[in-house]
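Only one structure is covered here, and it is reproduced in the block below.
Throughout, protein chains are lettered first and strands after them, A, B, ... in sequence-line order, and every chain is numbered starting at 1.
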Protein chains: 2
Amino acid sequence: MPPRMIDVAKRADVALSTVSYALNGTRPVSASTRRRIMRAMEELGYRPNALARGLASKRTRILALLFPTPERGLGVTEMEFVTGAADAAREHGYHLMLAPSELRDIHELEHLTGQGLIDGALVMEVRLDDERVDLLGQAGLPFSMIGRTSDPGTISYADIDFEQTTRDAIAHLMELGHRCVGFLNHSPSALSVGYGPTVRAAEGFRRAASDAGIAHIERPCGDNAAAGKAAFHELRASSPELTALVVMNERAVIGVMNALDEISWRVPDDFSIVSIVSSTRVTEMMRPQLTTLEPPSTELGRLGVQILLDQLERPHDEPLPPTQKLLPCRLVVGASSGPPPAR
Amino acid sequence: MPPRMIDVAKRADVALSTVSYALNGTRPVSASTRRRIMRAMEELGYRPNALARGLASKRTRILALLFPTPERGLGVTEMEFVTGAADAAREHGYHLMLAPSELRDIHELEHLTGQGLIDGALVMEVRLDDERVDLLGQAGLPFSMIGRTSDPGTISYADIDFEQTTRDAIAHLMELGHRCVGFLNHSPSALSVGYGPTVRAAEGFRRAASDAGIAHIERPCGDNAAAGKAAFHELRASSPELTALVVMNERAVIGVMNALDEISWRVPDDFSIVSIVSSTRVTEMMRPQLTTLEPPSTELGRLGVQILLDQLERPHDEPLPPTQKLLPCRLVVGASSGPPPAR
DNA sequence: TTGTAAGCGTTATCAA
DNA sequence: TTGATAACGCTTACAA
């Protein structure tokens, strides 16, 4: 029912193929015929059929976004990955398809790649050792990651610079005078499955603390308020000299605040808190507003797509050096960090 | 390079079409040939090409999710719409494509619908009067809404029951003894562009208050803490008898809490707050934890897809009564609502 | 129950 | 600079 290319061709009085060439610029077309063709297209309200085009050209201009949906649901940061990626894709004339892939059903991934529906994939929530990445590699499907495996090799990625982020958090606290800073991480299970951010933040903190010449006290912590509260109490019992905490756990940090309340410590007078890799959308909701190292989530989403498209649109014979980028978090000073108490 | 249907046919020693019929169940195939075909498919690792299938059958099994990205970004609730929709789509063997559509670029929508790429669309963030909805209607593309226009007619939708939600909020507060309850809504601009939830919540609150025989005091409010704070002070100045506030504005509610702090009022002893249509993911982060009417976001996303698929998979000759569903929010009692003070 | 063949709407090769 | 026409990989009448 919608006009086809042949209809345009007839109306412009040219061959079908000429319309195709005019449309794609794959071959020179004289200015006058091009004009006629364009007019015909306008008049008919012609839109090229994406399926037919994809079938014939073997390029669909569709990208897949692989995102697992963890038990707890996704947060603001993840939403920003998605919108950033979707925006970037659109700007480049691509579509973004959502592929909710649990790590378990690798079959769905095979299904997806085998369908010939997508030109490439963007992988979110990457683990240090990630089957999906292996599979995509085997499938020969171009892809990039938001995050990275332990050994990315020649795979392109955009990730947060956790080394820098933990360093910045410690530096901020040391400038304020703190000399004993703890680190509250994500859950033990995130750590044990090798979730990238969890592992790298721990390593980064360790190194940064050691470089700064301060003791490093760290703990994983369940992703909920109760766990955060318990963790704080334990941390304080075992390390009473602690004057500040770097927290990479949005759900637990509230528990820490509650624990402080319980012992009538005020933030930041008696204790300082810096939340890392958490959106200000969230930390603004807390009182006092948390000092935060905010991840460039939207930017990471955009970058992930750009990196992928670089691969896709590079001529196949050229060498393709992977693009691997680490972006820093931005320090947003709130009201949860101040000089240590004179105890 | 990947195996095609003809390869399967040859290996199973049947005609190409028989493979197709076996695959789709469009026509009876004897058990034995079907077995041979299945085996051949397995052995070859055959995956049907989605593009070719779509081109020939005029059905792609791809759904579009239309979501505008407002200035402030999307929140947890919106993310849940997305994951719910994506999950439901996958369960039914469909793909979900993200179409970040600003209201302005109606052209992109035309582009999308004209491409023959999608079977139907799911529209998010619907306004009372929404061009996108009009356009989809004209384009003849099946679609459903999460939310609804002022006059949905025969368009299928799943939306929050704002009437019920505001009623529940007021009922909760009245049970506690409150007799003068105010309502803090979204921004004036959301109201003026006719954003569905904003308008309906206001209407719902008005009716519920009137039915309950209490005064209704309401105000729109900018989506940020400063505006929330100012709004509270103004509200209190003009209506000093207020003992509680129903708030449908996640970003402003923190400002209200700050304002209460300023005048040394404690929550809930001196003043109660009920946050409506906001995720517990967010209200759990606040101290005291807010009493909330939590929207069934994931469910709405799922339902939106199901409703759409009902339309799509119904035989075209049958009459198709639209499915229009309103879902209630769930009351989660936190620590921000209690009996009114004995002033 | 199975086979044959005509599309589906493009791209891209080969000629002119 | 342009035109025919063979793929692309499948669905679906129409025949047998």
Side-chain angles (χ1 to χ4, degrees), chain A residues 1-38 40-41 44-62 93 111 113-119 315-316, chain B residues 1-38 40-41 44-62 93 111 113-119 315-316:
Chain A
M1 200 69 109
R4 294 153 308 161
M5 199 173 262
I6 185 70
D7 300 318
V8 175
K10 282 179 180 154
R11 184 170 251 259
D13 198 35
V14 293
L16 166 60
S17 58
T18 305
V19 177
S20 173
Y21 290 119
L23 201 59
N24 303 298
T26 322
R27 178 167 100 170
V29 171
S30 80
S32 71
T33 40
R34 145 161 286 121
R35 245 195 320 276
R36 285 211 317 285
I37 290 172
M38 291 310 184
M41 296 204 302
L44 293 173
Y46 171 74
R47 313 249 170 241
N49 180 299
L51 259 54
R53 188 190 280 233
L55 184 58
S57 68
K58 308 209 161 295
R59 296 203 47 204
T60 60
R61 302 185 80 83
I62 299 177
H111 195 70
T113 61
Q115 285 191 124
L117 198 55
I118 61 178
D119 286 347
H316 274 305
Chain B
M1 199 70 106
R4 295 152 306 163
M5 197 173 263
I6 184 70
D7 300 318
V8 175
K10 282 179 179 153
R11 183 171 253 259
D13 198 35
V14 292
L16 168 60
S17 61
T18 305
V19 177
S20 174
Y21 289 121
L23 202 58
N24 304 301
T26 323
R27 180 168 100 169
V29 171
S30 80
S32 72
T33 40
R34 147 162 284 123
R35 246 196 318 277
R36 286 211 317 286
I37 291 173
M38 290 311 183
M41 296 205 301
L44 293 173
Y46 171 74
R47 314 251 169 238
N49 181 301
L51 259 51
R53 185 189 282 231
L55 183 58
S57 68
K58 308 208 160 297
R59 297 200 48 204
T60 60
R61 302 184 80 81
I62 299 177
H111 194 71
T113 61
Q115 285 191 124
L117 199 54
I118 61 178
D119 286 347
H316 273 306

Hey, are A:D7 and A:R4 close enough for a salt bridge, meaning a charged N less than 4.0 Å from a carboxylate O? yes

Within the pair A:S57 and C:dA12, is there a side-chain N or O less than 4.0 Å away from OP1 or OP2? no

By nearest nucleotide on DNA chain C, pick out whichever of A:I6 and B:R36 is the more 5' one. B:R36

To the nearest 0.5 Å, how far apart are CD1 in B:I6 and CZ in B:R11? 14.0 Å

CG of A:L55 versus C1' of C:dA12: gap in Å, rounded? 13 Å

Against B:P48, only a single residue in B:R53, B:M5, B:M41 fulfils side chain to side chain contact (heavy atoms under 4.5 Å, CB included); can you say which? B:R53

So does B:S17 get a side-chain nitrogen or oxygen closer than 4.0 Å to the phosphate oxygens (OP1/OP2) of C:dT4? no

Nearest-Å distance for atom pair CG/C1', residues B:L16 and C:dG7: 13 Å

Treating A:R34 as the side-chain partner and A:A22 as the backbone partner, does any N or O pair qualify as donor plus acceptor under 3.5 Å? yes

In Å and rounded to the nearest 0.5 Å, what is the CG to OG1 distance from B:D13 to B:T18? 10.5 Å

Nearest whole Å is fine: how far is C:dG3 P from B:Y21 OH? 12 Å

Between the base of C:dT2 and the side chain of B:T18, is one N or O donor paired with an acceptor at under 3.5 angstrom? no

Of the candidate nucleotides C:dT11, C:dC8, C:dT1, which contains the atom at the shortest distance from the side chain of B:S30? C:dT1

Taking N and O atoms by type only, does the side chain of B:R27 place a donor or acceptor under 3.5 Å from a partner on the base of C:dT2? yes

Which heavy atom of B:R36 sits nearest a heavy atom of B:V14, and at what distance? NH2-CG1, 3.4 Å

What is the distance, rounded to the nearest whole Å, between atom CG of B:L117 and atom C1' of C:dC8? 15 Å

Euclidean distance, atom CG of residue A:N24 to atom C1' of C:dA12 [Å, nearest integer]: 10 Å

Distance under 4.0 Å to a non-hydrogen atom of chain B counts as contact; along DNA chain D, which nucleotides mark the start and end? D:dG9 to D:dC14

Write down the distance between CZ (B:R35) and P (C:dT1), rounded to a whole number of angstrom. 14 Å

Side-chain donor/acceptor of B:T60 to backbone N/O of B:G54, under 3.5 Å: no

Would you please confirm or rule out a distance under 4.0 Å between OP1 or OP2 of C:dG9 and any side-chain N or O of A:R4? yes

